[in-house]
Amino acid sequence: MEFIMPLWPAYPELFLLVMTCVVLIVDLFVSDDNRIVTYGLTQFTLAGCALLTFFTGNPEPVYTFSGMFVDDLMADVLKLLTCVSVIMVMVYARAYNAARGMFRGEFFTLALFATLGMMVMISANHLLTLYLGLELLSLSLYAMVALQRDSVRATEAAMKYFVLGALASGVLLYGMSMLYGATGTLEITELAQLSTQGVQAQLVLVFGLVFIVAGLGFKLGAVPFHMWVPDVYQGAPTAVTLFIGSAPKFAAFAMVMRLLAQSLGAEMLVDEWRHMLTVMAILSLVIGNLTAIMQTNLKRMLAYSTISHMGFLLLGVLSGTIDGYGAGMFYVVVYVLMTLGSFGIILLLARSGFEAENLEDYKGLNQRNPWYAFLMLLLMFSMAGIPPTVGFYAKLSVLQAVVSIGMWWIAVVAVVFSLIGAFYYLRIVKLMYFDAPVDTAPIAASGDVRALLSANGLAVLVLGIAPQPLLVLCIEAVRASI
Amino acid sequence: MMQGLPLLSLAIWAPIIAGVAVLLTGGDRNAQAARVIALIGALIGFAVTIPLYTGFDLQQGGFQFVEMRTWIDTLNANYHIGIDGISLLLILLNSLTTVLVVAAGWQVIESRVSQYMAAFLFLSGLMNGVFSSLDALLFYVFFEATLIPMFIIIGVWGGPNRVYAAVKFFLYTLMGSLLSLVALIYLYFSAGGSFSLFDFYQTQLPLVLQVSVFIAFFMAFAVKVPMWPVHTWLPDAHVEAPTGGSVVLAAVMLKLGGYGFLRLSLPIVPDASHLLAPIVIGLSLIAVVYIGLVALVQTDMKKLIAYSSISHMGFVTLGTFLFNAQGMEGAIIQMISHGFISGAMFLCVGVLYDRMHSRLIADYGGVANRMPVFAALFMFFSMANAGLPGTSGFVGEFLVIMGAMQVNFWFAFAAAITLIFGAAYTLWMYKRVIFGAVANAHVDELQDLNAREFLVLGVLAVLVLVMGVWPQPFADVLHVSVNELLAHVSFSKLPAQ
């Protein structure tokens, strides 16, 4: 291992850490009326972090901190996207938080720490680094869910999230310890080498793999480890749901890549985890889509839809090919884009004392504001995977990956359930377009939210007409890193 | 003279861009502007398709006006478009129908006018895209994207049960096309990583796989046509859709299915097509005969015409799977003719509905006394619907029956029965609605056609008549394409043992 430790690959993380502490301190001296200062500083931090990520980016992997930390193309792309999506979350959430007394320092510092955790996870080249990042992210998220401390629902959701999340972390850690037992190393590149050569304690390795997959299933929210998802999505304040539903998925995807594709990407091990992922993916598609139909709460419905999307994501991963991983990455990027947009609309319609989280609240949106209704229409059709929106190509590339390894029957199952899924997305469109409005309050939004939300919605269409650049980026990022 | 222009791309994108322009007019305050822009857009969309016809080389085989640009390199999917005689006629039909539909909705649609007009323009561009795609992925994208505007059209401007109809329409057709997506992905790998239809045409496949692919395609296109027994979405969609929606649905959208059979099913999996042709022919004959009987007992005019559509589209699938030139040309001519006639029939019902707000036959009677001009035009279209010689309805059906005769006498016999049923249900409806004494006070107050309605129906009447007495210009563009297709289909694509 390299003796010299270049610091520059970790500049974004270091910057973020320092600035988070600055935000923490500055916020102490800011009065409630001037909280916008904290907001501005947070956005500056995230933007700076994104820029640093961009300028320290490099196509070849660079290892540092004695090989515990890696800066490769996949990490760069995912970190950049993480920063951008957190910036978007902050913009969308501002008015919502201000109306609910959550526009306070805690929200910002917790979000920044969570972002740091994600970035560490994404760049981890060591199981302990990965775990540290994961815990930093998770602990921040538990606290964020409980940020509205008077809300019974939010507290319950936080409790549930914490207990199940801690359990999942334990399971994951246990799996990691078995990997260590089988191979004698925790470093991902070494693990990859050793598992390719084959180790004597193959059984221990496979046993550890089971725990790792279970832990990953928890973090992704795939069936049968999905129980926390609907409650947390519904119980948490919408701004926090938006946060949980967006950027952490990048980190979760990176974790899947680092653990399964990199550490345990050897041929025979792929065969081992492919079966587990297949079961999880199909169950996620079935349960996610079927249960979503019955929901009357939009946040809960989107939670179940998330579960089914994670099923699709796993389909890309389980193919075990570079194209498949690239398809998975493309899927997660598209998923986050759609989630940001749709929760952005929920936040936009919410106002003081009104959450806009029931399906009924979307009735007649087209008559109230055709533009937002159109954006939501694009987002919903994209989630359903109808061309010419980008959601179609996400599904297409994943299905292609599955068919390429000869598992076309999974593709058939997946399209059947995405047909069922189309129903509940259509219902949103139906409510917005076909029904008369119940709620006629004017929809107020500041200019930045309007512009960003419009860009977000239209991106779904524009990327749908020209998906090539993003698709290439994802495949190249994976190819350069795995 | 117009060589430099990418005419085919214009035919696709001009209506779509016009649709965006119409949307930009905003709310109903600017409704008139929306209408005018929509009409101009539709006319431009139609105008750019005329040079496609005049510049089309009748002798040259293959595809003309081909454009090719890289689209998604990683998937090896290209923006590859071009037309042969089959697509040409359908593109003309589609672009013309759009103009008529925009004109037909001029005064009738009063709420959310810009969205209504834009939806039709988008739909028009997307369907031209389907008819000209030479890349399977591009085809699929256009094919599915057409669902979105139609869903909105039925759901927003439709009748009382519109939500049910719109969702049923969407899910039914999506079900079919999703399975064909899996087939397309499978073919992508079989063709060595390409979505080009030409590569698909050359790919050899064992029979079992051909049959699987055929079934997947069949799910998509049979639902679209629609064939018995997957037709049940159509009567619902037609009854609930606004007049314009019904017209486009019947005149053009159903043809996406017929076109899909010709462009994908037959040439990509010819052996499976031959093998399963008897089943398709059987289903077509059931549609022709049984659905004709179902149409006879309808009490709702729109439903009656919807069932008559299914019955007539049975001729299209029947002719397609006879594998002879008469049958196939008949099928294509039937598609075009049905586009004119069913469009006109739905417009006629729309004319009555706008005045009386009822589609029930029982609410009418003696309309001829108050609307003589309308009665005359409606008479003409009814005759055409019944397949009277001298109208376009006769040409296609006659050719298909001729083609069927070459294969099997009883196919032709069963198909010919429909001429009787068709005459029965159409003319009986006509008699109950138009003739007799004035049935009630509402009928008594009816106003005859205004200039706009007369113009729209008049254009269609001329077309139906011209196509009926002089089908040559329509048939000429088809010969080479149909012969090439039949020649391609006659070669087995089974891999050599």
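To find a chain, count down the sequence lines: A is the first, B the second, and so on, and within it residues start at 1.
Across A:G341 and A:L379, no two heavy atoms sit closer than the pair C-CD1, 3.4 Å. Smallest separation of non-hydrogen atoms from B:D199 and B:S194: OD2-OG, 2.6 Å. For A:R274 against A:L318, the heavy-atom pair with the smallest separation is NE-O, 2.8 Å. Closest of all the heavy-atom pairs between A:I475 and B:T74 is CD1-CG2, 4.3 Å.
Contact annotation for A:Y393: only side-chain heavy atoms (C-beta onward) come within less than 4.5 Å of a heavy atom of chain B. Using a 4.5 Å cut-off between heavy atoms, B:L137 contacts chain A through its side chain alone, with no backbone atom that close. For B:A77, no part lies near chain A; criterion is any non-hydrogen pair under 4.5 Å. Residue contact with chain B, scored on non-hydrogen atoms closer than 4.5 Å, involves the backbone and the side chain of A:F423 alike. With a 4.5 angstrom heavy-atom cutoff, B:L171 touches chain A via backbone and side-chain atoms both. Looking at A:F392, only its side chain comes within 4.5 Å of chain B, counting heavy atoms on both sides.
Counting only heavy atoms from C-beta outward, the side chains of A:V402 and A:W409 never approach each other to under 4.5 Å. By the 4.5 Å heavy-atom criterion applied to side chains, A:Y325 and A:S319 are not counted as neighbours. For the pair A:L349/A:L365, a side-chain contact is recorded, criterion being any heavy-atom separation below 4.5 Å from C-beta on.
Note that CG of A:L471 is 11.0 Å distant from CE of A:M329, once rounded to the nearest 0.5 Å.
B:H80 and B:F195 have their aromatic ring centers separated by at least 6.0 angstrom. The ring of B:W233 has its center closer than 6.0 angstrom to the ring center of B:F169.
Judged purely by atom type and a 3.5 angstrom limit, B:T25 has no side-chain atom pairing as donor or acceptor with the backbone of B:A21. Between the side chain of A:N456 and the backbone N or O of A:L337, at least one donor-acceptor pair lies under 3.5 Å.
The residue among B:L184, B:L23, B:V167, B:L75 with the most heavy atom pairs within less than 4.5 Å of chain A is B:L75. Interface summary for chain B: among A:V472, A:L396, A:V412, the most heavy-atom pairs under 4.5 angstrom belong to A:L396. Chain B forms more heavy-atom pairs under 4.5 Å with one residue of A:Q367, A:R427, A:K395 than with any other, namely A:Q367. Among A:N366, A:I420, A:L399, A:L377, the residue with the largest count of heavy-atom pairs under 4.5 Å with chain B is A:N366. When each of A:P467, A:S404, A:A422 is checked for heavy-atom pairs under 4.5 Å with chain B, A:S404 comes out on top.
For residues 139-164 of chain B, a heavy-atom distance under 4.5 Å to chain A picks out B:Y140, B:V141, B:E144, B:A145, B:I148, B:F151, B:I152, B:G155, B:V156, B:R162, B:V163, given by residue number. Identified by a heavy-atom distance below 4.5 Å to chain A, contributing residues of residues 120-128 of chain B are lacking entirely.
Annotation for A:W408: atom CH2 does not count as buried by contact number, only 12 or fewer foreign heavy atoms lying within 6.0 Å. In B:Y186, the OH atom is not crowded: 12 or fewer heavy atoms of neighbouring residues, nucleotides or ligands sit closer than 6.0 Å.
With A:F312 as the fixed residue, the ring pair (Phe, Tyr, Trp, His ring centres under 6.0 Å) test singles out one of A:Y335, A:F330, A:F417, A:Y331: A:Y331.
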